[in-house]
*Asks:* 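Dropping a structure here in structure tokens format, bear with me for questions.
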Amino acid sequence: LFHTTFFTCLNSSTMRHGFAFRRLGRDSAHRRALLRNMTASLIKHERIRTTVAKAKELRRPAEKMITLAKKNTSTSLKQIQAWVPEPRIIPKLYKTLVPRYAERQGGYTRVLKAGYRKGDAAPMAYIEFVDNHLPPLRPPKQPKGSREPSPSEIEDVDD
């Protein structure tokens with residue numbers, strides 16, 4: 001009883017010591033199944049749309065799968081097989097994603113916020129692998145100081 005009361009009475013000034021992960025409104029078995037299936041979907045499609053909390057929580061197991069695949073040992077393969085529920089996508093992990101991130105030391109995923117869901121106004125986000133070959137969700141940012149000149153500035157230059 002103390003723990004449930006303690007968790008619900010946290011305010012913004014209380015530090016989050018001992019909170020290792022988000023519970024996502026599910027018990028541990030349901031949360032584990034959710035993250036396993038979302039990891040498989042992310043590996044398969046390289047970009048998925050979900051809530052911000054789920055996307056942020058998915059980063060840890062998704063990046064762990066790539067790190068394990070980069071080790072390329074029989075133990076790491078068994079760990080990947082134990083986590084990923086679809087055996088058909090494991091070869092993609094080794095043939096596509098591991099060569100792509102061979103030089104990268106972590107940070108294989110990014111979370112891009114994508115507005116709010118229509119039904120319940122939950123904040124949504126895309127989680128994707130970086131350096132993918134999918135069409136970009138947003139145009140790349142221009143460096144500060146470089147901008148396109150306005151039409152009036154172009155006319156002044158021509159005079």
Side-chain angles (χ1 to χ4, degrees), residues 3-4 6-8 10-144:
H3 292 291
T4 56
F6 179 70
F7 291 134
T8 56
L10 287 178
N11 58 26
S12 60
S13 64
T14 307
M15 288 187 268
R16 298 190 68 245
H17 296 299
F19 291 84
F21 51 84
R22 294 168 181 84
R23 294 187 297 172
L24 302 174
R26 292 158 172 80
D27 62 25
S28 61
H30 190 181
R31 187 170 48 246
R32 184 172 189 268
L34 173 84
L35 291 173
R36 288 180 64 197
N37 287 321
M38 288 179 70
T39 303
S41 294
L42 183 62
I43 293 169
K44 183 190 250 182
H45 301 290
E46 297 191 24
R47 177 189 293 156
I48 58 174
R49 187 169 192 243
T50 183
T51 63
V52 172
K54 288 177 192 170
K56 288 180 177 181
E57 198 60 32
L58 179 61
R59 289 182 295 194
R60 179 187 268 166
E63 296 201 8
K64 185 175 182 180
M65 292 302 108
I66 294 179
T67 303
L68 286 171
K70 283 172 72 172
K71 288 181 182 178
N72 200 18
T73 63
S74 62
T75 304
S76 64
L77 175 61
K78 288 176 185 177
Q79 290 174 333
I80 291 169
Q81 288 170 338
W83 183 261
V84 177
E86 294 181 44
R88 296 183 311 246
I89 64 170
I90 294 175
K92 179 179 182 180
L93 194 61
Y94 281 96
K95 294 177 184 173
T96 307
L97 298 176
V98 168
R100 185 186 302 171
Y101 302 120
E103 299 299 318
R104 186 178 280 265
Q105 296 294 316
Y108 310 117
T109 59
R110 81 166 57 97
V111 175
L112 298 167
K113 293 187 179 179
Y116 298 92
R117 189 161 50 199
K118 187 176 181 183
D120 61 355
M124 300 299 287
Y126 286 96
I127 181 168
E128 65 181 8
F129 287 116
V130 297
D131 300 334
N132 61 31
H133 303 293
L134 300 171
L137 292 170
R138 299 180 185 154
K141 287 186 176 180
Q142 294 181 353
K144 286 189 175 182

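Atom set for the values below is all heavy atoms of this structure, side chains included, hydrogens, waters and symmetry mates excluded.
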*Asks:* With sequence neighbours left out, what residues match Tyr116 under side-chain contact (heavy atoms from CB on, under 4.5 Å)?
*Replies:* Pro123
*Asks:* Can you name the residues that form a side chain to side chain donor-acceptor pair (under 3.5 Å) with Arg31, not counting sequence neighbours?
*Replies:* none
*Asks:* Give the minimum heavy-atom separation between Ala69 and Val98, together with the two atoms involved.
*Replies:*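 Smallest heavy-atom distance, with atoms named: CB-CG2, 3.4 Å.
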*Asks:* Quick check for you: to the nearest 0.5 Å, what is the distance between Ile43 atom CD1 and Ile66 atom CD1?
*Replies:* 7.0 Å
*Asks:* Rounded to the nearest 0.5 Å, how far does CG of Asp27 lie from CZ of Arg32?
*Replies:*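 It is 12.5 Å, given to the nearest 0.5 Å.
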*Asks:* Indicate every side-chain donor-acceptor pair of residues 124-136 with a distance under 3.5 Å to a residue at least two apart or in another chain.
*Replies:*
{"unit_1": "Glu128", "atom_1": "OE1", "unit_2": "Arg47", "atom_2": "NE", "d": "2.6"}
{"unit_1": "Glu128", "atom_1": "OE1", "unit_2": "Arg47", "atom_2": "NH2", "d": "2.9"}
{"unit_1": "Glu128", "atom_1": "OE2", "unit_2": "Arg110", "atom_2": "NH1", "d": "2.6"}
{"unit_1": "Asp131", "atom_1": "OD2", "unit_2": "Arg104", "atom_2": "NH2", "d": "3.1"}
{"unit_1": "Asn132", "atom_1": "OD1", "unit_2": "Leu134", "atom_2": "N", "d": "3.3"}
{"unit_1": "Asn132", "atom_1": "ND2", "unit_2": "Phe129", "atom_2": "O", "d": "2.9"}

*Asks:* Rounded to the nearest 0.5 Å, what separates atom OG1 in Thr51 from atom CG in Asp120?
*Replies:* 9.5 Å
*Asks:* Give me each pair satisfying ring-ring contact (aromatic ring centres under 6.0 Å, His included) with a member in residues 77-102, each pair once, sequence neighbours excluded.
*Replies:* Tyr101-Tyr108
*Asks:* State the CG-OG1 distance between Leu68 and Thr75, to the nearest 0.5 angstrom.
*Replies:*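 If I round to the nearest 0.5 Å, the distance is 10.0 Å.
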*Asks:* Please name all residues satisfying side chain to side chain donor-acceptor pair (under 3.5 Å) with Glu46, sequence neighbours left out, ordered by chain then number.
*Replies:*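 Lys92, Arg100.
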*Asks:* Please check if the side chain of Arg59 supplies one atom and the backbone of Lys56 the other of a donor-acceptor pair under 3.5 Å.
*Replies:* yes
*Asks:* Which heavy atom of Met65 sits nearest a heavy atom of Val84, and at what distance?
*Replies:*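 Distance-wise, the nearest heavy atoms are SD-CG2, 4.0 Å.
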*Asks:* So how far is it from Arg49 CZ to Ser41 OG, rounded to the nearest 0.5 Å?
*Replies:*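 One gets 15.0 Å once the value is rounded to the nearest 0.5 Å.
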*Asks:* Counting only heavy atoms not in Lys70 (residues, nucleotides, ligands), do more than 12 fall under 6.0 Å from its NZ?
*Replies:*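 Atom NZ in Lys70 is packed in, count exceeds 12.
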*Asks:* State which residues pass side chain to side chain donor-acceptor pair (under 3.5 Å) with Lys78; sequence neighbours excluded, sorted by chain then number.
*Replies:*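 Not a single residue meets the side chain to side chain donor-acceptor pair (under 3.5 Å) criterion with Lys78.
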*Asks:* Is the shortest side-chain heavy-atom distance between Leu42 and Thr109 below 4.5 Å?
*Replies:* yes
*Asks:* Test side-chain contact (heavy atoms from CB on, under 4.5 Å) on Ile80 and Leu93; report intermediate values, then the result.
*Replies:* CA-CA 10 Å; Ile80 291 169; Leu93 194 61; 3.8 Å; yes
*Asks:* Working to the nearest 0.5 angstrom, can you tell me the gap between Glu86 CD and Asn37 CG?
*Replies:* 7.5 Å
*Asks:* Hey, is CZ on Arg60 packed in by over 12 heavy atoms from elsewhere, all under 6.0 Å?
*Replies:*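 Open.
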*Asks:* Of all the heavy-atom pairs spanning Ala40 and Ile89, show the shortest one and how long it is.
*Replies:*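 Heavy atoms of Ala40 and Ile89 come nearest at O-CD1, 3.3 Å.
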